[in-house]
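Each remark here refers to the structure printed beneath this line.
Every value quoted in this text rests on a predicted model; they were computed, and no experiment measured them. Residue numbers start from 1 in every chain, and the chains themselves are labelled A, B, ... in the order their sequence lines are given, proteins ahead of strands.
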Protein chains: 2
Amino acid sequence: MLINELSKRTGVTIHTLRFYENLGLIKGKTDEEVKSNKYKQYDESLIETINWIIASKKAGFTLAEINILIQDWFNGNLTLFEKIEIAKKKIKEVDLKIKELKEVKRFLLQAKKDVEKGLC
Amino acid sequence: MLINELSKRTGVTIHTLRFYENLGLIKGKTDEEVKSNKYKQYDESLIETINWIIASKKAGFTLAEINILIQDWFNGNLTLFEKIEIAKKKIKEVDLKIKELKEVKRFLLQAKKDVEKGLC
DNA sequence: TAAATGTATAGACTATACTCTATAGTTGTG
DNA sequence: CACAACTATAGAGTATAGTCTATACATTTA
């Protein structure tokens with residue numbers, strides 16, 4: 001598909017998709033047979049990749065971190081063992097973030113309770 | 001306490017504390033009695049405020065959002081009802097973030113499982 | 001009391017992640 | 001075939017959140 005379709009199907013603007021492509025997060029390829037233009041074709045599988053990038057960003061990972069993981073995972077010639085280790089490490093990081101969020105929630109619940117009791 | 005102590009007790013650099021003070025997140029006051037300098041005194045209670053700012057940042061809130069909440073909460077002359085509503089709203093936001101993180105975790109667990117099964 | 005350390009202010013600089021503009025060429029439609 | 005809509009590239013501009021430097025005083029301490 002062309003960039004316009006990729007943009008519509010992911011909800012990410014064309015500008016941002018190009019920005020991601022420059023960073024190496026995604027990659028389209030120009031059809032060698034077509035000589036008249038340099039329009040890039042984007043693979044169907046990029047939809048999932050981009051959704052994953054969006055989720056990871058929401059989870060607080062930087063694009064640099066996400067990029068390293070993508071490079072390792074898809075282009076890194078890693079052994080099965082190494083891939084499992086990477087997944088485990090990332091899962092730990094996500095668990096830590098969930099723990100931090102739960103602390104913030106506890107703080108908010110306490111504040112709410114204090115107000116309800118008329119303590120502040 | 002002076003800014004140096006506040007920095008040491010919160011782990012936030014003096015530069016960043018001043019940056020926060022410029023944004024209005026925290027406030028020190030110069031002792032009117034002392035004419036020789038303009039050294040600002042920071043209240044003991046700011047330690048908790050700053051720890052809360054740090055946690056909120058980790059939770060993905062921007063300084064602008066944190067600032068609005070602080071202004072509302074501490075200086076906003078809100079009714080008890082309004083404060084409870086604000087707390088409820090923030091708790092909902094945190095819950096959403098936790099949900100998003102759990103999705104990322106599910107994705108990672110699936111990837112790990114796929115690798116373990118030798119599917120990729 | 002000289003030197004080291006601390007404080008205040010203003011402004012420059014950096015990194016991250018976009019977001020927009022300009023320019024040039026390509027494709028699809030009435 | 002005119003022209004609107006799409007694509008590519010490069011580079012400028014923006015917002016957020018710091019981080020650092022320079023300058024000028026003030027305070028502490030050996």
Side-chain angles (χ1 to χ4, degrees), chain A residues 1-43 46 49-71 93 97 100, chain B residues 1-43 46 49-71 93 97 100:
Chain A
M1 75 190 83
L2 294 178
I3 198 154
N4 192 33
E5 189 182 342
L6 187 62
S7 171
K8 273 172 186 148
R9 288 177 63 189
T10 56
V12 176
T13 69
I14 290 175
H15 278 302
T16 301
L17 287 173
R18 293 212 166 105
F19 174 69
Y20 287 171
E21 186 155 15
N22 285 336
L23 289 182
L25 283 164
I26 60 172
K27 202 156 173 52
K29 53 183 184 303
T30 55
D31 191 336
E32 296 292 320
E33 324 252 292
V34 179
K35 302 282 186 193
S36 63
N37 66 38
K38 294 179 208 159
Y39 290 13
K40 280 182 188 139
Q41 288 294 333
Y42 296 91
D43 198 277
L46 282 176
T49 306
I50 290 163
N51 282 330
W52 183 77
I53 290 169
I54 294 166
S56 296
K57 268 168 36 63
K58 278 186 188 161
F61 293 106
T62 65
L63 291 181
E65 287 169 327
I66 295 165
N67 204 2
I68 288 168
L69 186 55
I70 286 178
Q71 301 315 320
E93 284 175 44
K97 283 175 195 293
E100 283 167 352
Chain B
M1 76 189 85
L2 294 178
I3 198 156
N4 192 31
E5 188 182 343
L6 186 63
S7 172
K8 274 174 186 147
R9 288 177 63 187
T10 57
V12 176
T13 68
I14 289 174
H15 278 303
T16 301
L17 288 174
R18 292 209 167 108
F19 174 68
Y20 287 171
E21 185 154 15
N22 284 336
L23 289 182
L25 283 164
I26 59 172
K27 203 157 173 47
K29 54 183 185 300
T30 53
D31 191 335
E32 296 292 321
E33 323 253 293
V34 178
K35 302 282 186 193
S36 63
N37 68 37
K38 293 179 208 160
Y39 291 11
K40 280 180 188 141
Q41 288 294 332
Y42 295 91
D43 197 278
L46 283 176
T49 305
I50 290 164
N51 282 330
W52 184 77
I53 291 169
I54 294 167
S56 296
K57 267 167 38 62
K58 278 187 188 161
F61 293 105
T62 65
L63 291 181
E65 289 169 324
I66 295 166
N67 203 3
I68 288 167
L69 185 56
I70 286 178
Q71 301 316 320
E93 284 175 43
K97 283 175 195 292
E100 284 166 352

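Using a 4.5 Å cut-off on side-chain heavy atoms (C-beta onward), F19(A) and L63(A) make contact. Residues Q41(A) and L2(A) form a side-chain contact, since some pair of their non-hydrogen atoms from C-beta on lies under 4.5 Å apart. Residues I53(B) and I70(B) are in side-chain contact: their nearest non-hydrogen atoms beyond the backbone lie under 4.5 Å apart. When side chains are defined from C-beta on, I50(A) counts as touching L17(A), because their heavy atoms get closer than 4.5 Å. With a 4.5 Å cut-off on side-chain heavy atoms, N51(B) and I54(B) count as touching.
Although no hydrogens or angles enter the test, the distance criterion places a donor-acceptor pair under 3.5 Å between the side chain of Q71(B) and the main chain of G24(B). In terms of modelled atom types and a separation under 3.5 Å, the side chain of S56(B) and the main chain of W52(B) share a donor-acceptor contact.
Remark: S36(B), N37(B) in residues 29-37 of chain B come within less than 4.0 Å of DNA chain D through at least one heavy atom. Within residues 9-17 of chain B, the residues approaching DNA chain D are H15(B), T16(B), by heavy-atom distance under 4.0 Å.
Atoms OG1 and CD1, on T16(A) and I26(A) in that order, are 10.0 Å from each other to the nearest 0.5 Å. Summarising the geometry, atom CD belonging to E93(A) is positioned 6.5 Å from atom CD belonging to E65(A); distances are rounded to the nearest 0.5 Å. Atom CG in D43(A) sits 6.0 Å away from atom CG in L46(A) (nearest 0.5 Å). The NZ atom of K40(A) sits 7.5 Å away from the CZ atom of R18(A) when rounded to the nearest 0.5 Å.
At least one side-chain nitrogen or oxygen of Y20(A) sits closer than 4.0 Å to the OP1 or OP2 atom of dC18(C).
In this entry the distance linking CD of E21(B) with P of dA10(C) reads 12 Å, nearest Å. One can place CZ of F19(B) at 13 Å from C1' of dC13(C), the figure rounded to the nearest angstrom. With rounding to whole Å, E65(B) atom CD is found 10 Å from dT16(D) atom P. Rounded to an integer number of Å, the gap from CZ of R18(B) to C1' of dT21(D) is 13 Å. One interatomic measurement links the two molecules: NZ of K38(A) to C1' of dT9(D), which rounds to 8 Å at whole-angstrom precision. To the nearest angstrom, P of dT27(D) lies 16 Å from NZ of K40(B). Nucleotide dT16(C) holds its P atom 17 Å from the CG atom of L63(B), rounded to whole Å. Atom C1' of nucleotide dT16(D) and atom CD1 of I68(B) are separated by 14 Å, given to the nearest angstrom.
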Filtered N/O pairs between nucleotides 3-6 of chain C and protein, under 3.5 Å:
| residue | atom | partner | partner atom | Å |
| --- | --- | --- | --- | --- |
| dG6(C) | N2 | Y39(B) | OH | 3.3 |

Using a cutoff of under 3.5 Å, can you pull out all pairs of nitrogen or oxygen atoms linking the protein to nucleotides 28-30 of chain D, with atom names and distances?
none

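Closest approach of T10(B) and L6(B) over heavy atoms only: OG1-O, 2.7 Å.
For K8(B), the side chain to side chain contact (heavy atoms under 4.5 Å, CB included) partners are N4(B), not counting sequence neighbours.
Judged as a side-chain hydrogen bond (donor to acceptor under 3.5 Å, both in side chains), the pairs with a partner in residues 19-39 of chain B (not counting sequence neighbours) are, in order, E21(B)-Y42(B).
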